[in-house]
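Contents: one structure, followed by commentary.
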Amino acid sequence: MTAELHSRRTVLSTGAAVAGAAVGAVALTACSSEPNGKSGTAQAPIAAGTPLVALAEVPVGQAKAAKAPDGSDVIVARTSESVAAAFSAVCTHQGCTVAPKGADLICPCHGSVFNALTGEVKQGPANKPLPSVPVKVENGKVVTG
């Protein structure tokens with residue numbers, strides 16, 4: 001009976017330790033300071049010349065959400081009749097995806113507002129601008145530069 005009790009205690013305490021370690025690993029990932037729990041991962045540059053959106057789909061002075069070839073979310077803004085700019089759609093506050101609304105980019109998570117044409121912060125809590133994505137206009141399309 002003593003051997004059986006000892007085995008049961010060993011199994012239970014080992015199981016509890018393994019469960020505690022798993023919960024700790026999840027908590028560390030959830031508390032990462034990087035967006036989406038990623039730390040130290042550099043995003044590969046987007047291949048030049050890849051179409052993002054037709055220029056005509058973006059009204060002058062406004063922006064449109066698009067997907068880059070690597071699957072990342074980007075914002076394409078039309079700064080004039082023939083010029084476009086693009087920015088990462090990942091909010092610099094805590095990594096949520098911003099959405100275009102007129103001349104603004106709104107973060108639905110904490111209310112940050114960015115200028116759709118420059119990526120600059122208009123209202124926090126974000127305090128850094130959206131990273132720019134190099135683009136140019138070719139044959140009526142906004143393409144990666």
Side-chain angles (χ1 to χ4, degrees), residues 6-145:
H6 180 67
S7 296
R8 193 177 301 168
R9 282 186 188 152
T10 303
V11 168
L12 290 174
S13 64
T14 301
V18 169
V23 169
V26 169
L28 285 175
T29 301
C31 292
S32 171
S33 64
E34 295 294 320
N36 303 322
K38 298 176 186 173
S39 61
T41 55
Q43 188 173 355
I46 300 168
T50 306
L52 295 175
V53 67
L55 184 64
E57 292 180 31
V58 185
V60 174
Q62 295 186 24
K64 179 179 176 82
K67 283 277 188 197
D70 66 358
S72 63
D73 293 310
V74 295
I75 300 294
V76 178
R78 190 167 178 186
T79 58
S80 70
E81 269 312 307
S82 59
V83 179
F87 309 95
S88 168
V90 179
C91 181
T92 56
H93 175 236
Q94 288 194 349
C96 295
T97 303
V98 300
K101 185 174 183 180
D104 292 331
L105 303 173
I106 311 295
C107 180
C109 295
H110 300 107
S112 292
V113 179
F114 299 86
N115 180 311
L117 304 180
T118 66
E120 292 295 319
V121 177
K122 290 175 77 174
Q123 173 185 314
N127 60 9
K128 294 179 185 171
L130 297 172
S132 65
V133 174
V135 294
K136 56 187 172 183
V137 177
E138 285 183 350
N139 301 321
K141 292 185 177 13
V142 180
V143 300
T144 55

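For this chain, numbers begin at 1 and follow the sequence in order.
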ask   = Under 3.5 Å, is there a donor-acceptor pair between the side chain of T144 and the main chain of V135?
value =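 Not confirmed, T144 side chain does not pair with V135 backbone.
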
key: From Q62 atom CD to T79 atom OG1, the distance as rounded to the nearest 0.5 Å   = 13.0 Å

I'd like a table of donor-acceptor pairs (distance under 3.5 Å, sequence neighbours excluded) in which one partner is a side-chain atom from residues 53-60, with atom names and distances.
none

Filter on ring-ring contact (aromatic ring centres under 6.0 Å, His included), then keep only pairs touching [range], sequence neighbours left out; what's left?
range: residues 59-84; result: none
range: residues 118-138; result: none
range: residues 52-77; result: none
range: residues 72-108; result: H93-H110

request  = If a pair satisfies disulfide bond (SG atoms under 2.5 Å apart) and one of its residues is in residues 98-145, list it, with sequence neighbours excluded.
outcome  = C96-C109

message = Applying disulfide bond (SG atoms under 2.5 Å apart) as the test, list every pair that has at least one member in residues 110-145; sequence neighbours left out.
response =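 Checked against disulfide bond (SG atoms under 2.5 Å apart) - neighbours excluded - no pair reaches residues 110-145.
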
Residues which pass side chain to side chain contact (heavy atoms under 4.5 Å, CB included) with A65, listed by chain and number, not counting sequence neighbours = I75, P100

message = Listing request: all salt bridge (charged side-chain N to carboxylate O under 4.0 Å, His left out) pairs with a residue in residues 108-117, at least two apart in sequence or in separate chains.
response = none

key: Of all pairs that satisfy salt bridge (charged side-chain N to carboxylate O under 4.0 Å, His left out), the ones with a partner from residues 75-89, not counting sequence neighbours   = R78-E81

request  = Work out which heavy atom in A84 is nearest to a heavy atom in V142; give both atom names and the distance.
outcome  =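 Closest approach of A84 to V142, heavy atoms only: CB-CG2, 3.7 Å.
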
task = Check L52 against P69 and note the closest heavy-atom contact, atom names and distance.
result =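 That closest heavy-atom pairing would be CD2-CD, 4.3 Å.
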
Let me check something: any side-chain donor-acceptor pairs from residues 115-134 under 3.5 Å, sequence neighbours excluded? List them with distances.
unit_1: N115; atom_1: OD1; unit_2: L117; atom_2: N; d: 2.7
unit_1: N115; atom_1: OD1; unit_2: T118; atom_2: N; d: 3.1
unit_1: T118; atom_1: OG1; unit_2: E120; atom_2: N; d: 3.2
unit_1: K122; atom_1: NZ; unit_2: D104; atom_2: OD1; d: 2.5
unit_1: Q123; atom_1: NE2; unit_2: G111; atom_2: O; d: 3.3

ask   = Which residues satisfy the salt bridge (charged side-chain N to carboxylate O under 4.0 Å, His left out) test with K101, sequence neighbours excluded?
value =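 Expected list: none.
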
